[in-house]
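Written out below as structure tokens is the structure these notes cover.
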Amino acid sequence: MSFFVDIALNLPLNQTFSYKCELEGEEMEGSFGRRVQVPFGSRRLTGIVTGASPALPPSCAVPEEKIRRVSRFIDKEPVLTGELLTLARWVSSYYLSAIGETIFSMLPSGKRETSAGGFSLAADEEAWSRKELSAEQQEAVDGILGGNGVFHYLYGMTGSGKTEVFLSAAEQVLEQGKGVIYLVPEIGLTPQVTKAVVRRFGDTAAVLHSGLTPSNRLGEWKRILSRQARVVIGARSAVFAPVPDLGLVIIDEEHDGSYKSGSSPRYHARQVAMQRCRTLGIPLVMGSATPSVEAWQLMEQGTITRHALTRRLAGGELPATECVNLCTEGSPDGNSLSPRLEEAVTNALRTGKQAILFLNRRGFTNFFRCNSCGFELKCKSCSVTLTYHKAENRLKCHYCGYSVEPPHQCPHCLSLDIGYFGFGTEFVESEVRAKVPAARVIRVDSDSLKSRGELEEKLDAFRKGEYDIMLGTQIVAKGLNFPNLQLVGVILADSGLHMPDFRAAERTFALITQVSGRAGRFAPGGKVIVQSYSPDMPPIDLAVRGEVAEFYERELAQRKLLSFPPYSRLLRLVFRSPVPGEAEKAAAGAAEIITRENAPGEFELLGPSQCPLEMIAGNWRWQIIMRGKKMPPLQRAASAFIRNYAPSGHVYIEADVDPISLL
């Protein structure tokens with residue numbers, strides 16, 4: 001039997017293509033949702049069947065005799081469901097991405113399925129066993145599943161038992177014969193939560209993470225489709241898991257920026273989950289100790305129902321937090337540890353307790369400068385300074401990976417009066433080992449993690465007391481519980497505060513609050529010391545004082561005054577080109593076209609202007625930011641521009657709806 005199929009290809013073209021199927025044994029009714037191999041030009045590409053009909057659709061502009069044939073079906077069973085295709089069309093429309101690219105970002109790429117194996121559950125099993133819910137927790141579970149609205153938020157301090165509420169709600173949904181999706185920021189950074197889910201639900205849990213091979217991922221995908229796995233835990237892309245009879249979606253640490261995709265389609269998992277839950281009429285529950293500003297405003301408005309957890313359940317208390325002004329109380333020799341923080345570390349270790357030192361900056365020192373002429377050594381392909389890594393004796397770019405040996409004299413004026421300034425985690429490690437020689441120190445950042453599973457091994461070793469001090473980047477701020485941890489030191493709270501981005505204050509507040517929450521979770525006496533050159537800045541001052549509501553009130557007032565989200569909607573167009581001047585010219589032309597083609601007053605056009613990071617990986621970058629009260633006018637204008645504009649072959653355009661970074 002021959003029939004015609006609509007096929008989406010993984011190409012930046014917002015359309016499907018018609019092909020003819022004359023393969024023996026293939027029926028039209030069973031073709032939807034299966035991957036196929038098809039000829040496209042001179043290439044053979046993988047596509048997905050999105051529709052089938054006995055006759056060529058009238059909308060097809062190609063005569064029937066010229067329609068090419070499907071080479072073969074890759075799958076015996078569908079890997080795409082009708083619900084996911086509807087969701088893909090919404091994502092494609094909302095985020096201005098091609099339908100084929102959108103569908104293939106959802107699907108596993110493996111051709112043959114294999115078992116994904118499991119997670120090691122050797123350590124600390126008691127921490128994951130089922131616990132009796134407190135009155136607050138039980139009230140939250142009842143409220144989430146009670147049918148009162150679709151969107152819910154579990155808000156509470158770190159250590160208040162949010163994970164147990166999520167797991168209890170998931171259990172009740174499973175008892176009703178429905179499935180659950182549980183999203184976490186990054187599987188590798190949240191091993192404790194992942195293990196809790198796997199231990200609670202056993203073989204009915206599927207873990208989708210970046211460590212899976214394409215074949216492993218396909219195996220898990222098919223376990224989900226066949227209902228062998230009913231609880232799916234994973235990072236951002238797990239929001240697309242093909243769970244039959246989905247009954248609940250959970251987003252842990254909702255504020256985390258990793259839920260936003262950095263490549264096309266540039267979707268936000270929270271927005272996709274809200275759309276999916278709204279369409280299916282099922283509850284979505286988000287949770288965090290530091291909600292995003294947008295989520296906080298929706299809670300205040302009542303669009304999202306808030307469920308508050310107000311106390312720590314493991315016997316701990318909120319830690320005593322103090323701030324050290326580095327301008328007046330910093331180390332006299334310019335080192336990273338102030339005398340007060342050094343003393344606190346020594347005292348914690350003397351009593352047999354552990355400490356975490358947090359600095360969101362890798363490397364030894366963060367830039368090279370000539371003291372004679374002021375020359376700073378920058379990446380040849382990016383507009384950023386190079387970071388010195390002492391262990392490798394290399395200056396490295398953290399954006400494109402370029403590295404070079406440190407010069408012995410200034411490359412500009414040949415002066416020998418050169419030096420390195422600033423400090424990173426490698427510098428802090430060197431200083432701690434020198435000042436506390438008896439301490440067992442472990443560093444956890446992306447430079448020190450060389451193999452798969454090494455992060456989990458280091459965290460387990462610290463939990464078991466094999467190390468006294470753990471220092472690292474934001475990896476150590478994410479959802480980790482250490483029973484013997486007494487002290488947390490934030491080495492430099494200002495590191496992200498002065499970035500040219502309207503979310504800098506929100507990120508700074510969240511990081512300080514989250515990393516501070518690691519201390520004193522299981523016993524009283526926890527202590528947090530925050531070092532800063534700007535201790536009076538509201539994000540730092542309010543985080544230190546624990547004034548969460550006041551921070552959001554002030555931040556919302558500031559955003560309203562400046563007309564930034566959530567009081568406006570943004571759509572960002574980035575033009576990049578390896579040819580100097582081409583990106584600027586394209587951005588200027590785009591601004592002129594968009595202004596001419598749209599009614600005045602519908603939205604505001606900011607730019608064109610250079611991106612704060614003007615060059616990345618050899619590409620010059622310019623941007624236009626469209627700002628308006630509602631998103632549809634911005635999407636219509638940007639979509640019409642992208643569809644009809646033909647830039648030069650040297651220019652690439654990125655469309656970012658609801659951007660979370662403007663760098």
Is a side-chain donor-acceptor pair under 3.5 Å present for [Y] with [X]?
X    : Y    : answer
E654 : S264 : no
Y153 : E254 : yes
S534 : D494 : yes

Side-chain atoms of residues 46-53: list all donor-acceptor pairs with protein atoms under 3.5 Å, sequence neighbours left out, distances to 0.1 Å.
unit_1 : atom_1 : unit_2 : atom_2 : d
T50    : OG1    : D6     : O      : 3.3
S53    : OG     : A55    : O      : 2.7

Point to revise | Under-4.0 Å salt bridge between E220 and R217 | key: no
Practice item. Before accepting this row, confirm whether a basic side-chain N of the pair K20/E22 lies closer than 4.0 Å to the acidic partner's carboxylate O. Key: yes
Taking side chain as C-beta onward, heavy atoms only, is [X] less than 4.5 Å from [Y]?
X    : Y    : value
I594 : L573 : yes
W622 : K585 : no
M537 : T508 : no
Y402 : C379 : yes
D501 : R507 : yes
H412 : C370 : no
L56  : S18  : yes
S288 : T290 : yes

If every non-hydrogen atom of [X] is compared with every non-hydrogen atom of [Y], which pair is closest and at what distance?
X    : Y    : answer
L497 : I540 : CD2-CD1, 3.8 Å
A241 : L84  : O-CD2, 4.5 Å
L96  : Q635 : CD2-O, 4.0 Å
T81  : F32  : C-CE2, 3.9 Å
C382 : C397 : SG-SG, 3.9 Å

For [X], look at atom [atom1] and say whether over 12 heavy atoms of other residues, nucleotides or ligands are found less than 6.0 Å away.
X    : atom1 : value
Y399 : OH    : no
R306 : CZ    : yes
E592 : CD    : no

Can you tell me how far apart [atom1] ([X]) and [atom2] ([Y]) are? Round to the nearest 0.5 Å.
X    : Y    : atom1 : atom2 : answer
N10  : S109 : CG    : OG    : 10.0 Å
R361 : T473 : CZ    : OG1   : 12.5 Å
F603 : L571 : CZ    : CG    : 9.5 Å
L605 : R627 : CG    : CZ    : 11.0 Å
T303 : F151 : OG1   : CZ    : 9.0 Å
N598 : L634 : CG    : CG    : 9.5 Å

Check your understanding: Given F240, which of Y267, F104, W221 fulfils the ring-ring contact (aromatic ring centres under 6.0 Å, His included) condition?
Key ->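 When Y267, F104, W221 are each tested with F240, the ring-ring contact (aromatic ring centres under 6.0 Å, His included) holds only for Y267.
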Without swapping roles, check the side chain of [X] against the backbone of [Y] for a donor-acceptor pair under 3.5 Å.
X    : Y    : answer
R68  : G41  : yes
R34  : F73  : no
S92  : S97  : yes
T595 : A591 : yes
Y567 : L562 : no
Y552 : P291 : yes
Y259 : L183 : yes
E506 : V293 : yes
S105 : T102 : yes
T513 : A543 : no

Would you be so kind as to tabulate the donor-acceptor pairs closer than 3.5 Å made by side chains of residues 655-663, with sequence neighbours excluded?
unit_1 : atom_1 : unit_2 : atom_2 : d
D656   : OD1    : K260   : NZ     : 2.9
D658   : OD1    : R569   : NE     : 3.3
D658   : OD1    : R569   : NH2    : 3.2
D658   : OD2    : Y94    : OH     : 2.8
D658   : OD2    : R569   : NH2    : 3.1
S661   : OG     : L663   : N      : 3.3

Exercise for review: Classify the angle between the aromatic ring planes of F40 and F17 as parallel (below 30°), tilted (30 to 60°) or perpendicular (above 60°).
Suggested key: perpendicular
